[in-house]
Amino acid sequence: MDYSTAIEASLQRLHDEGRYRTFIDIERKQGHFPHAVWTRPDGSQKDITVWCGNDYLGMGQHPEVLAAMHQALDATGAGSGGTRNISGTTVWHKRLEAELADLHGKEAALVFTSAYVANDATLSTLRAIFPGLIIYSDALNHNSMIEGIRRGAGEKRIFRHNDVAHLRALLAKDDPAAPKLIAFESIYSMDGDFGPIAEICDLAEEFGALTYIDEVHAVGMYGPRGAGVAERDGQMHRIDIINGTLAKAYGVFGGYIAASAKMVDAVRSYAPGFIFTTSLPPAVAAGAAASVRFLKGEGGRALRDKHQTQARILKARLKAMGLPIIDHGTHIVPVHVGDPVHCKLISDMLLENHGIYVQPINYPTVPRGTERLRFTPSPVHGPDQIDRLVRAMDGLWSHCALNRAEAVA
Ligand SMILES: *Cc1c(COP(=O)(O)O)cnc(C)c1O
């Protein structure tokens, strides 16, 4: 085997298909989000505004979060020094899990390296806990769920995105005695649309299925205490397992599930992705807990309101110029371009000429022909930053002779 040639061929395939990824090197400036410094490949630098980050509320620079991290770091050192089972469970991990269980009104929570790992490890482990489990999965579920669902014995059924009639038909076809689980998201991050939580919970009750929701793009941002869309809609108690991240709106790092004490105990005991890996650094756990705590309170409510207002302003202004916004009422603002070359070109010109950083979203992240720019306005984006973005988009849309259209929804 010529290994080197095989590597080159695999990379060339990506180049040929136009989906080889290049990363933009940035250094965010604490205290000045969304400002960052971009280092070009030649080493030269430029001040930019980040418009595609997932630190949706700017919590990554929040004084209470940073203070908690400094405190834990100075108190206990850098790493945890072990897996959760072997010397890696600390007071900071326990406090974080208690904070998360309380957030979701569940008996327990379990922290993982990331929400990706939490989804993958939990879903694959549920297959071992419930032999013959049939998992019903929304067609647009995140890759972390798809990977977890793929592994282990048992069937899977893919229902058309948000199509509860299709889900019902699939549930009705299967053995009523078989264990079942419906896996879906509360907000799908590429279109920014909501999942039909109440309807799915109704079906789960009717067919005796468990419910598993990924609230990664909602925790911190929706609901009176920031527990997500299920909290906002009064459905949280109907969900068996809630998955969330500590790395997006909470601005730190890590992921988790919240569920009954028994469920958490079983996943804790069986999931290789939880057991055989070093636990989070205590400072990270402390920062995440401080962020969750802060966003539960008044300060969190104010940030959530501001966040929604910013999203509404940006959508209204882009729509007013006739740009094709995909608007499903969430905080995510996708602008439809519909062509990978233009999408990349506009993104490059925004960055180089206007210091505006928005990553182009191309196939396979979204279907071909639906290439888009995905903006994530936040409370730290000021009025003049919004102004500059809107003016730049207006100019580039004309420059590239792209269609101005009514909103696509
Ligand atoms: C980002 C993302 C994840 C993974 O979260 P991390 O904590 O970054 O690993 C899971 N689900 C969805 C829908 C996501 O967008």
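Order of appearance sets the numbers: ligands from 1, and atoms from 1 within every ligand. In this text, all values refer to a predicted model and were calculated from it rather than measured experimentally.
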- Given the rule in the salt bridge (Lys or Arg N to Asp or Glu O under 4.0 Å) test, do Arg391 and Asp394 qualify, once you have shown the distances and angles that lead to the verdict? CA-CA 5 Å; Arg391 268 188 308 207; Asp394 193 23; over 6 Å; no
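Considering only residues two or more places apart in sequence or on other chains, Arg19 meets the side-chain contact (heavy atoms from CB on, under 4.5 Å) condition with Leu14, Glu17, Tyr363, Pro364.
Put simply, part of Lys248 is less than 4.0 Å from ligand 1, judged by heavy atoms. By the 4.0 Å heavy-atom criterion, Ser144 is counted among the residues contacting ligand 1.
Among all non-hydrogen protein atoms, the one lying nearest atom 6 (P) of ligand 1 is Ala115 N, 3.5 Å. Among protein heavy atoms, the minimum distance from atom 4 (C) of ligand 1 is reached at Tyr116 N, 3.5 Å. Ranking protein heavy atoms by distance to atom 7 (O) of ligand 1, first place goes to Thr245 OG1, 2.7 Å. Protein heavy atom in closest approach to atom 11 (N) of ligand 1: Asp214 OD2, 2.7 Å. The closest protein non-hydrogen atom to atom 15 (O) of ligand 1 is His217 NE2, 2.5 Å.
The aromatic rings of Trp51 and Phe375 stand perpendicular to each other, their planes meeting at an angle above 60°, with 30° marking the opposite boundary. Below 30°, between 30° and 60°, or above 60°: for His331 and Tyr222 the angle between ring planes is between 30° and 60°, a tilted geometry.
Side-chain atoms of Val337 and Trp397, non-hydrogen and from C-beta on, do get closer than 4.5 Å to each other.
Residue Glu185 approaches ligand 1 through these ligand atoms, each under 4.0 Å from one of its heavy atoms: 13 (C).
Counting non-hydrogen atoms of neighbouring residues, nucleotides and ligands closer than 6.0 angstrom, the CD atom of Glu155 reaches no more than 12 such neighbours.
For Tyr20 and His15, the ring centers are positioned less than 6.0 Å apart.
For a threshold of 3.5 Å applied to N or O pairs, the pair formed by Ser189 and ligand 1 contains no separation below that value.
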